[in-house]
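The structure displayed is predicted, hence computed values, not measured ones. Letters A, B, ... mirror the listed sequences (proteins, then strands); counts begin at 1.
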2 protein chains.
Amino acid sequence: MNQAANAVDTLCINTIRTLAMDAVQKANSGHPGTPMGLAPVGYTLWQRFLRYHPEHPDWPNRDRFVLSVGHASMLLYSLLHLAGVVEIDEHGKRCGNPAISLEDIKQFRQMGSKTPGHPEYRMTTGVETTTGPLGQGCANSVGMAMAERWLARRFNRDAQVLFDYDVYTLCGDGDMMEGISSEAASLAGHLKLANLCWIYDNNTISIEGHTELAFSEDVLKRFQAYGWHTLHVTDANDLQALSDALQAFKANTGAPTLIVVDSVIGYGSPHKHNTAAAHGEPLGEDEIRLTKAAYGWPEDSSFLIPDEARTALRDGLMARARPLYEQWAQALSQLEQDEPGLADEWRRMRAGEMPGHWQDRVPTFASDAKGVASRASGGEVLNAFAQQIPWLLGGSADLSPSTKTNLTFEGAGRFSADDYSGRNLHFGIREHAMGAIANGMALSYLRPYTSTFLVFSDYMKPPIRLAAIMELPVVFVFTHDSIGVGEDGPTHQPIEHLSQLRATPGLLTLRPGDANETLEAWKIALAQTHRPSCMVLSRQNLPTLDRTKYAAASGARRGAYVLAGAENPEIILMATGSEVSLAVEAYEQLKTDGVAARVVSMPSWELFEEQDRAYRDSVLPPAVKARVVVEQAGPLGWDRYVGQTGAKVVMNSFGASAPLAKLQTKFGFTLENVVKLAKEQIQHHHPG
Amino acid sequence: MNQAANAVDTLCINTIRTLAMDAVQKANSGHPGTPMGLAPVGYTLWQRFLRYHPEHPDWPNRDRFVLSVGHASMLLYSLLHLAGVVEIDEHGKRCGNPAISLEDIKQFRQMGSKTPGHPEYRMTTGVETTTGPLGQGCANSVGMAMAERWLARRFNRDAQVLFDYDVYTLCGDGDMMEGISSEAASLAGHLKLANLCWIYDNNTISIEGHTELAFSEDVLKRFQAYGWHTLHVTDANDLQALSDALQAFKANTGAPTLIVVDSVIGYGSPHKHNTAAAHGEPLGEDEIRLTKAAYGWPEDSSFLIPDEARTALRDGLMARARPLYEQWAQALSQLEQDEPGLADEWRRMRAGEMPGHWQDRVPTFASDAKGVASRASGGEVLNAFAQQIPWLLGGSADLSPSTKTNLTFEGAGRFSADDYSGRNLHFGIREHAMGAIANGMALSYLRPYTSTFLVFSDYMKPPIRLAAIMELPVVFVFTHDSIGVGEDGPTHQPIEHLSQLRATPGLLTLRPGDANETLEAWKIALAQTHRPSCMVLSRQNLPTLDRTKYAAASGARRGAYVLAGAENPEIILMATGSEVSLAVEAYEQLKTDGVAARVVSMPSWELFEEQDRAYRDSVLPPAVKARVVVEQAGPLGWDRYVGQTGAKVVMNSFGASAPLAKLQTKFGFTLENVVKLAKEQIQHHHPG
């Protein structure tokens, strides 16, 4: 076929451009320039290459289209509209609406619309991931591509192929400059992800002006250094060249592909093309008229979709997708027939369900005064669950010997370019990309976990936030969770990080107090379907509490629970994680001293806040004002539980480099200090 | 001279190696392998190239040595010891001690020692920056190199050179993999920082094992793509090759230099060399004996420094530094004579003082109901101060048209490879590197500021934390500070970020409520000498309050102050930033309704907590329990001020994409809601 632009192609491309211009103008807010420049790229990809069934946008083997340049959301919305993609509701049902109607486009950026400023996963069918913060979509797409390699190894058979999708990512200058993309690209090259294609919109314009203000590297060469296959299309409007490049991507098998496309931001706008002014604000009514004239478009039109443009994109998609979709459905039937167990596994993965037996073989931890670090018990628990849940997989940013998250059972394997079936992922020292790659995997039916030290949660906060926004049940494991790190000192001792995680909406933060609470915490995290969890674990040993003497660890499911103590206590001692055992010690000492104390373990504020008032008041009776909290972290937020008069044994500064015992003494995490403060509290609230 | 290793060189190198082995063994904690591998590199650089005066370690024109691989701290401590560097106290005085004594080395990683696990700025003379979190040192070094270019342009004259220092950075695999280093390297190449030399320790071993697990890119080619000059030394023990490479760096003028050095981690250890086991734990007594034997070292020795090794390093440094230091002192004298004004400027910069007149020409803002966005008033204030403080400079991660931080007055200029005198920095879309580069500049006498949107503070948390640890008075400007962002939606609307910043020890968070508070906030931030500030500013217009009717904005200096209202109020309304005017409106409405309210503006929790109890109680009288806080951010921490019964008009979820007015209604930031809650509070606390 002749792949240069014909009249219908041009009509479609200009439809995409003018819809973006009109929608941004109507909203009086948004980004018209990139959709105008990239319309031919989006159109060519969707019309000629993407394997995507508009009536089955949840087809598991669809090619993924990731708009890492999320501000260009109107490009995606127009493509979804012109493709006639149908809406799928949260239960996976077709509800009879289009994913994006013309009315939706007119409601661009309005309250409750399906067309928010940046594309939002779960809000709009066809949006594969929430994008906007630059670089995240790029790294998500690496996770999606890795997921495909893994799924293919698990589910494909000689006779049938369930997974062979490709992942296409539209990137901009910001994506190229953000460090996360460098991390993700380096790993993608290392893993030889031949199913991954990044298309870089080289429009040479950023918000401050020409990219030459800050960006003069040789991007092609840089990606070659990462081991990528690289191509250069020097004119975004040359559909033949674009098609050739995309064809070359599909023909390439040994590496991911970068296609650099030279484009013109605000293409067609007489006064604003190739300027920063086209980036982030409406063109203005006058300029829109002039631009439409330049396209040969009716100047007075608004949200015009010519009839001929209504069908071309959809027809192109359907012609490819219909037979592929049918083949796929047959392959799935075949799998159900040949390997019903595996088919059931796939059904559960797709539905976000766990295997029926997933909690059957968990370890239990006997009372032990010496105890075990929660990173170690966590690793044991993780291995037990992973043996029951074949699609639970993950790894570390080069710290697995320390975070203890390696899967050590037979067959767990290592995920590598030589063997994509492995379940141990080596992310390298790339925390930021690790988080976003895990998000991409969670968007692709897998249950990923990541691990690093808690202090380095700082390096991966943006993807943690996006996991929370997207409601992805990723488990972020963070060990070495306090000054318990010891000699490595302040740079490695988290202080504010628990507050940061607790402050993030939609995120579950779990800091278990001993091995049995760690088991509960993993159960809680894995039972989530719409919420990411942070598993906050100790470096140092924690005594395993005697649960015949103290309450069962299952109390952790309610976020906080009474571990021991009087029905009507004089004082409440609260603690989390590694400080629970210190609070228990203090409780025992106070008991010996004739003081009626209660000790509350509080592994998750979020879960506790979800309990009803009666339960919360039963754990923390409002009448008991004498309270002490013990936590090796900053104080922010504890006033809620200890009140304005309670005592806080917390970290009010950065830590120090020294052995742990010395640090505990220096910062007041001693039995003597906790008991003293408890008695002072009682004295304060019940003087005399 | 023959630059291959002679007997003394070898003795010095093995001294460095064995000190690291012994110190780690004694501490029973630490990282011996990298100092063992890199000892010849550190030695060659210091002995043969570094322009550094051991008796004047605070010489402003010293070459900077940045140990980005901070875990290899023993390498630096050994170099400082062997060089005989003297200690300089916090007031810049020589106190007669060595920077690092042999006893200090024996106290490695112990409480209060000068030899913490990772090198800490301000704690140990000769430590140029706190390192440990990987990649940070690399980006710091770019800031130091940029600072040198700027200082040279400002202070050098044809006849005299005050600044021509070089910056050397030791990097590891982690630095190469972390995204921040990619960002920093790309910018360094763009800016053609020929005074910057990164030495990459290519030991092929990371914590999880061989780097081939996760890292197979062509690092040399990648840096060539960034525009760097690249060199490869294939044997870290080849002092001739190292010298040639360092000589080539010094001869190169158009670009920064990367020297890849192939080394062996744990060099000399028969069983642990070239393994991950050599990285992060003591070698063990037996292995240490075997390793010493391999070096031809007395096996039973401990912390041995042969006499011949005591002088070689120091002599090499002194021979170079003495004449250079004298020349420099003469140049400074000449400057004092020729341009006393400029000399005084330099004296103030060096002392961390402001110009005497720095607050003389500030704008004032008249009462204005329509008002002005605090990003805009902030930009105006910044420009006013920058005109008085020539070494106040900064920029944005490609958002200056939005953050309004551009310096627009004549002569401000743009910092570029063609003109290093400019004060507007274009960081590109590289928030993470921006933060760490600013830290590097603050370590080099400058007063830097950065800017981006508040939500993207997530991308730069690690350097913000390090600025706080290092007590650097960087100003981090964050605009678009709430759902006030509007249509860009949840990915661009900060929620948890104020909590994150407030949770970080040693950091000042300022969220001014109108233009005059913004002026105060900038005054506060610029007056800091040992604390970084976050300036949190609005996108949307804020009414400029009538300060004849309400209290003066100078109250902001105490963190929180009574803006208006009754001496004995029935209700306290608290707010920060863009919500202050809403609280004032509610106050006026309540007054009209006959309710005695008080409105408290609370731009900085940290400053408020520093006030004495009497002041705090005067602002928030403990007897007044009826309280409402209004802040477009998450609730964490507000219980401290509103108590357990107060009302919080805050964000309990992520935001949404819609025009601001709709969002304010949806999330309860309306006059009606605040007034209603205030009345409910009064009813609750004083029923009937």
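Between the side chain of B/Gln110 and the backbone N or O of B/Ala27 there is no donor-acceptor pair closer than 3.5 Å. Side-chain atoms of A/Asp488 never come within 3.5 Å of backbone atoms of A/Val485 as a donor-acceptor pair (strictly under, hydrogens ignored). At distances below 3.5 Å, at least one donor-acceptor pair connects side-chain atoms of B/Thr403 with backbone N or O atoms of B/Leu399. Side-chain atoms of A/Trp228 come within 3.5 Å of backbone atoms of A/Ala185 as a donor-acceptor pair (strictly under, hydrogens ignored).
At a 4.5 Å heavy-atom cutoff, the contact between B/Phe427 and chain A is made by backbone atoms alone. If you measure heavy-atom distances from B/Tyr641 to chain A, the contacts under 4.5 Å come from the backbone alone. Residue contact with chain A, scored on non-hydrogen atoms closer than 4.5 Å, involves the side chain of B/Thr130 exclusively. At a 4.5 Å heavy-atom cutoff, the contact between B/Ala468 and chain A is made by backbone and side-chain atoms alike. Looking at A/Gln644, the atoms closer than 4.5 Å to chain B (heavy atoms on both sides) all sit in the side chain, from C-beta outward. Looking at B/Arg414, the atoms closer than 4.5 Å to chain A (heavy atoms on both sides) all sit in the side chain, from C-beta outward. Residue A/Thr504 touches chain B through both its backbone and its side chain, counting heavy-atom pairs closer than 4.5 Å. Looking at A/Ser113, neither its backbone nor its side chain comes within 4.5 Å of chain B, counting heavy atoms on both sides. For chain B, no part of A/Trp638 is nearby; none of its heavy atoms comes within less than 4.5 Å. With a 4.5 Å cut-off on non-hydrogen atoms, B/Leu466 touches chain A through its side chain but not through its backbone. For chain B, the nearby part of A/Val455 is the side chain; its heavy atoms alone come within less than 4.5 Å. Contact of B/Pro494 with chain A is made through the backbone alone, with heavy-atom distances under 4.5 Å. Using a 4.5 Å cut-off between heavy atoms, B/Trp605 touches chain A through its side chain atoms alone.
Your options are A/Gly634, A/Gly637, A/Pro490, and the one with the most heavy-atom pairs under 4.5 Å with chain B is A/Pro490. Comparing B/His118, B/Lys662, B/His492, B/Met123 by heavy-atom pairs within less than 4.5 Å of chain A, the highest count is held by B/His118. If you tally non-hydrogen atom pairs under 4.5 Å between each of A/Gly643, A/Ser216, A/Gly117 and chain B, the highest count goes to A/Ser216. Contact count versus chain B (heavy atoms, under 4.5 Å) is highest, among A/Ser186, A/Ser416, A/Gly70, for A/Ser186. Most heavy-atom pairs under 4.5 Å with chain A, from the set B/Asp398, B/Val642, B/Leu636, B/Thr131: that is B/Asp398. Heavy-atom pairs under 4.5 Å with chain B were tallied for A/Ala225, A/Gly132, A/Gly506, A/Gly179; the largest tally goes to A/Ala225. Contact tally against chain B (heavy-atom pairs below 4.5 Å) for A/Glu120, A/Arg502, A/His71: the top residue is A/Glu120. Among B/Ser182, B/Gly174, B/Gly135, the residue making the largest number of heavy-atom pairs under 4.5 Å with chain A is B/Gly174. Listed options B/Lys221, B/Glu208, B/Met176, B/Gln136 were ranked by heavy-atom pairs under 4.5 angstrom with chain A; first place goes to B/Glu208. Chosen from B/Pro505, B/Ala656, B/Pro622, B/Ala658, the residue pairing most often with chain A at heavy-atom distances under 4.5 Å is B/Pro505. Top candidate by heavy-atom pairs under 4.5 Å with chain B, chosen from A/Gly489, A/Pro133, A/Ser29, is A/Pro133.
Side-chain atoms of A/Ser657 and A/Glu487 include no donor-acceptor pair closer than 3.5 Å. A/Ser206 and A/Asp173 are not linked by any side-chain donor-acceptor pair at a separation below 3.5 angstrom, with hydrogens and angles left out of the test. At a cut-off of 3.5 Å, with distance as the only test, a side-chain donor of A/His497 or A/Asp458 sits close to an acceptor on the other residue. No donor-acceptor contact under 3.5 angstrom links the side chains of B/Gln107 and B/Thr115, judged on distance only.
Here the side chains of A/Ile207 and B/Pro401 are in contact, with some heavy-atom distance below 4.5 Å. Using a 4.5 Å heavy-atom threshold, the side chains of B/Ser499 and A/Gln500 count as separate. A heavy-atom distance below 4.5 Å is not found between the side chains of B/Leu501 and A/Glu496. Contact of the B/Met177 side chain with the A/Glu431 side chain is not registered, since no non-hydrogen atoms from C-beta on lie closer than 4.5 Å.
For B/Tyr459, the ring pair (Phe, Tyr, Trp, His ring centres under 6.0 Å) partners are A/His432, B/Phe456, not counting sequence neighbours.
Looking at B/Glu217 and A/Arg222, no side-chain N of the basic residue comes within less than 4.0 Å of a carboxylate O on the acidic one, giving no salt bridge.
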